[in-house]
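Notes follow the structure.
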Protein chains: 2
Amino acid sequence: MRHVAERARVSRMTVSRALNKPGTVNEGLRKRVLDAVAELGYVHNQLARNLSSQRSNVIGLVLPSLENSIFAQTLKGISDILRPIGFHLMVAESTDDPEDEEQVVAAFVAQRIAGIILHSTNHTPATVRMLRSSNTPVVENGDFPAEPIDMVVSYSNRAAAKAMTLHLARLGYRKIAFAGLAANPRADQRRLGYLDALRETGLATEPSRVVSVSRGFAGGTEAIACIANRLPDTDALFCAGDVLAAGALFECDRRRWRVPGRLAIASFDDLELMRHVRPAITSLRLARYEIGHRSAQMLLDRMEQASMPVTFVDLGFEIVQRAST
Amino acid sequence: MRHVAERARVSRMTVSRALNKPGTVNEGLRKRVLDAVAELGYVHNQLARNLSSQRSNVIGLVLPSLENSIFAQTLKGISDILRPIGFHLMVAESTDDPEDEEQVVAAFVAQRIAGIILHSTNHTPATVRMLRSSNTPVVENGDFPAEPIDMVVSYSNRAAAKAMTLHLARLGYRKIAFAGLAANPRADQRRLGYLDALRETGLATEPSRVVSVSRGFAGGTEAIACIANRLPDTDALFCAGDVLAAGALFECDRRRWRVPGRLAIASFDDLELMRHVRPAITSLRLARYEIGHRSAQMLLDRMEQASMPVTFVDLGFEIVQRAST
DNA sequence: CTTCGCCAAGTTACCGGTAACATGAACCGT
DNA sequence: ACGGTTCATGTTACCGGTAACTTGGCGAAG
C-alpha cells in the first residue's frame with residue numbers, strides 16, 4: 001500500500017479511503033489511486049485490515065461430518081449469503097465429539113472469526129465459556145438446545161420424528177419399527193419422538209422395535225436383517241436417516257419384500273434420491289438450505305446492529321407422503 | 001498478550017516464545033506464563049501472528065459446487081491433513097465459471113492464504129497472474145491442465161472415459177451411447193475420451209450417440225428418454241456422472257427395461273450408491289479422498305522446503321465391473 | 001471583511017503479534 | 001583472572017492496515 005500511495009502521490013490514508021469509502025475522496029485523487037493500484041497489481045491485505053479494524057470477514061462453520069451431503073446444502077445456503085458481501089467461510093469437522101469441537105472452536109476464536117455456526121447442540125463447558133467471553137455471535141443448528149449459547153436456527157428432531165410416526169399410525173400401520181444410528185445425539189432425539197408418538201397412540205403397549213445400526217447404506221441392510229430375524233411381524237420401518245432408508249429399500253428389493261406391502265418405509269431427511277427410487281420413499285423434508293441461509297443472515301444482522309431482534313428460529317418440517325407407505 | 005506479560009512479570013516476547021517454542025524458555029518462567037494464560041483465559045490472536053510473521057495457517061479451496069457429494073470426499077481428505085497441524089480451510093464455490101473463480105481467488109489472495117487448491121483447470125489470465133505474482137503455492141485438481149499454474153494432483157478424465165468405453169467394447173457392446181453435462185469442462189474431456197475409444201475400436205463408423213443432459217437424477221431420465229426416442233438400437237450407456245447413471249437406471253426400471261439385457265449402464269465416479277442399487281452399476285473409481293489428501297500434503301511440503309520435489313501426481317482410476325454391464 | 005463550520009486530505013498512534021538485534025549472566029579453557 | 005562463547009531474556013522496529021484527531025482551504029453568514 002505504501003508503494004501505491006507513493007505512486008499516486010498521496011498519503012496511505014487516502015489510499016485506504018479511496019478503496020473503502022470512494023465517496024469521501026475527490027474524484028481526481030481517487031482515479032490516481034485506482035490507476036496506481038492497477039499498475040502495481042496491488043492486492044489488499046485483508047489480514048492487516050482485520051487486525052487493525054478489530055473485525056473480521058470470516059465466518060466459521062463446524063459440521064459433524066464433512067462427507068454427509070445433507071450438510072452440503074447448509075454449506076451452500078451459508079455461502080450464498082456470505083459471498084455477495086465479501087465474507088468468507090472456514091469449515092471444520094467435529095465428528096460429533098464435544099472435545100474435538102472444543103479444539104476447533106478454540107482455533108476459530110484464535111482466528112478472530114466474526115461469527116460461528118455450530119451444527120450441534122452438545123458442547124463442553126470450555127467451548128461455551130470461550131464463545132461467551134470472546135463475545136462471538138453464535139448460531140446453533142441441528143436441533144433445539146436445552147440451553148442455547150446464543151442464537152438458534154433449527155427444527156425439532158423430536159417433534160419431526162413424532163409427527164412422522166403419527167403419520168404412519170394414521171395410515172394404519174401398527175407395528176412400527178425405528179432404525180437409527182447409535183450414540184448420535186440427533187438420532188437419540190428422533191428415537192424419543194418416535195416413542196412419544198407410540199405412547200400417544202397407545203401403540204407403546206406393543207414390544208419396542210428400536211434398532212441401532214451403523215452408518216451408510218449398510219445400516220439399512222442391517223435394519224431389514226434385524227426385522228426379518230427378530231421382529232418379523234413389523235409392518236413399517238421408520239429410518240432416522242435418508243441413506244439408511246435407501247439401504248433398507250434396496251435390501252427389501254433383494255429379499256423380494258414388497259414395499260409397502262410387506263413393509264412400509266419412511267425416512268428422515270428428504271434427499272433427492274428418496275424421490276427417485278422405486279417406490280419413492282415417504283420422507284421428512286427439512287429446510288437444510290434455509291438453515292444455512294438464515295443462520296448466516298442472522299450472524300450478519302447481529303454484527304450490524306448490536307441489538308438482537310431474532311434469536312430463535314424454528315424452520316419446521318414437512319411430511320412428504322410417497323409410494324413407500 | 002500484554003496483560004499476560006504483566007501478570008507473569010515478563011516481556012511480551014517471552015510470552016510469545018513460551019507459547020511457540022517452549023523449549024527456549026526457562027521452566028519457571030514458562031510455568032508463570034502458562035498460569036497467567038490460563039487465569040486470564042487468553043486466546044492467541046492468529047490474525048496478528050499471521051500478519052507479523054508474514055505467513056498464514058489457512059488454505060483456500062475452490063470447488064465447482066459445494067453441493068456435490070463427490071467433492072465432500074476431497075474436502076475431507078484435505079481437512080484430515082490440515083487439522084493435526086493447526087491449519088484451517090476456507091471454502092468457496094466457482095460454479096465452473098472462470099470469472100467467479102477469479103473473484104474468489106482475488107479474495108483468497110487478499111486473505112494471504114498460505115496455499116490454494118483449485119478444483120478446476122480453466123482459469124482467466126488475471127487469476128493466473130495473481131497467483132503467480134503473489135507466489136502462492138497452488139494445486140490444481142479435477143483434470144490435467146494444459147498449462148499447470150504450479151502443482152497438479154488429478155487423474156485424466158479423458159483417459160478414464162476412454163478406458164471405460166474400451167471396457168464396454170470388450171464386453172461386446174457395439175452401440176455405446178454417452179451422456180454428459182453440457183458446457184462442463186470435465187464432461188467435455190470425458191466425451192473426448194469416449195470418442196477416442198470409439199475411433200480406436202472402429203466403432204466410430206457408427207453414428208455418434210452423444211447426449212447432453214441436465215444435472216442430477218433428472219439428467220439420467222432425459223438420457224434414457226433420448227435413447228428410447230432417437231437411438232433405440234443403443235445397447236450400452238456410459239454416463240459421465242454417478243447421479244446421472246443412477247437416474248438412468250431408475251428410469252429403465254420405470255420403463256421395465258432390463259439392465260443390462262436391454263441396455264447396459266456404466267458410470268463415472270464410484271459413489272457408494274452405485275454399489276447398492278440393483279443391478280449394481282459398473283463404475284470408475286477415482287481416488288477422491290486421496291486427491292484432497294495429497295494436494296494438502298504437497299502444499300505443506302512446499303511451504304517447508306522451498307524446493308519442489310513433486311509437482312505432478314496422477315492418481316489414476318480403477319474400473320469396477322458390476323452387474324449393470 | 002471576519003468568523004464559523006464544513007469537508008477533504010494528512011498525521012499520529014495503535015491493532016497484537018514476531019524478527020532481528022542487544023544485553024548480560026553463566027560457563028569455558030588456558 | 002580474563003576474553004570469548006553460549007544461552008535466556010529484553011528492546012526496538014516493523015508487518016499493513018485503520019481510527020481518531022489535526023490541518024488547512026473555501027463558502028456562507030454576520
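As a basis for the values below, the full set of heavy atoms in this structure was taken, side chains included, without hydrogen atoms, waters or symmetry mates. Here is the naming used below: chain letters follow the sequence lines, and residue numbers restart at 1 for every chain.
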For the residue pair A/F144 and A/Y155, is the inter-centroid distance of their aromatic rings smaller than 6.0 Å? no
When we call it a touch if two heavy atoms are under 4.0 Å apart, what does A/N20 touch: a base, just sugar-phosphate, or nothing? sugar-phosphate
Within the side chain of A/S134, is there an N or O that forms a donor-acceptor pair under 3.5 Å with the backbone of A/L131? yes
At 4.0 Å (heavy atoms only), tell me whether A/L29 reaches a base, stays on the sugar-phosphate, or touches nothing. sugar-phosphate
Roughly, in whole Å, what's the span from CD in A/E6 to P in D/dG16? 13 Å
Phosphate OP1/OP2 of D/dG17: any A/Q54 side-chain N/O under 4.0 Å: no
Grab the CZ-C1' distance between A/R2 and D/dC15 for me, whole Å please. 11 Å
For B/R7 and B/D35, what are the C-alpha separation, side-chain angles and deciding distance, and is it a salt bridge (Lys or Arg N to Asp or Glu O under 4.0 Å)? CA-CA 9 Å; B/R7 179 161 195 126; B/D35 286 352; over 6 Å; no
Separation of atom CD in A/Q111 from atom C1' in C/dG17, rounded to whole Å: 13 Å
Can you measure B/H3 atom NE2 to C/dG16 atom C1' for me and round it to whole angstrom units? 12 Å
Without decimals, in angstroms, what is the distance between B/N50 CG and C/dA19 P? 12 Å
For the ring pair A/H3 and A/Y42, is the centre-to-centre distance below 6.0 Å? no
At under 4.0 Å, does any side-chain N or O of B/Q46 touch on OP1 or OP2 of C/dG16? no
Closest nucleotide among D/dA8, C/dG17, C/dA19 to the B/M13 side chain: C/dA19
Which residue lies toward the 5' end of DNA chain C, B/R49 or A/R9, if each is placed at its nearest nucleotide? A/R9
Spacing between A/N26 atom CG and D/dG24 atom P, to the nearest angstrom: 19 Å
Just to confirm, is there a sub-4.0 Å distance from OP1 or OP2 of C/dG17 to any side-chain nitrogen or oxygen of B/S52? no
Which one, D/dT9, C/dG10, C/dA19, comes nearest to the side chain of B/S53? C/dA19
Mind checking if B/R17 touches a base, just sugar-phosphate, or nothing, with heavy atoms under 4.0 Å? base
Between B/S11 and D/dT9, does any side-chain N or O lie under 4.0 Å from OP1 or OP2? no
For the side chain of A/M1, counting heavy atoms from C-beta on, which of C/dA8, D/dG17, D/dA13 is nearest? D/dG17
Report the distance from atom CD of A/E27 to atom P of C/dA9, rounded to the nearest whole Å. 11 Å
I'd like to know whether A/R302 forms a salt bridge (Lys or Arg N to Asp or Glu O under 4.0 Å) with A/D150, so could you lay out the CA-CA distance, the side-chain angles of the two residues, the decisive distance to 0.1 Å, and finally the verdict. CA-CA 11 Å; A/R302 168 69 75 79; A/D150 186 0; 2.7 Å; yes
What nucleotide, of C/dG17, D/dG17, C/dA19, holds the atom closest to the side chain of B/K21? C/dA19
With a 4.0 Å limit, can you tell me whether B/T14 has a side-chain N or O closer than that to the phosphate oxygens OP1/OP2 of D/dG10? yes
Between A/T74 and A/N141, is there a side-chain donor-acceptor contact under 3.5 Å, judged purely by atom types and distance? no
Can you measure A/H44 atom NE2 to D/dG17 atom P for me and round it to whole angstrom units? 6 Å
Per nearest nucleotide of DNA chain D, the residue lying toward the 5' end, A/R12 or B/R12, is B/R12
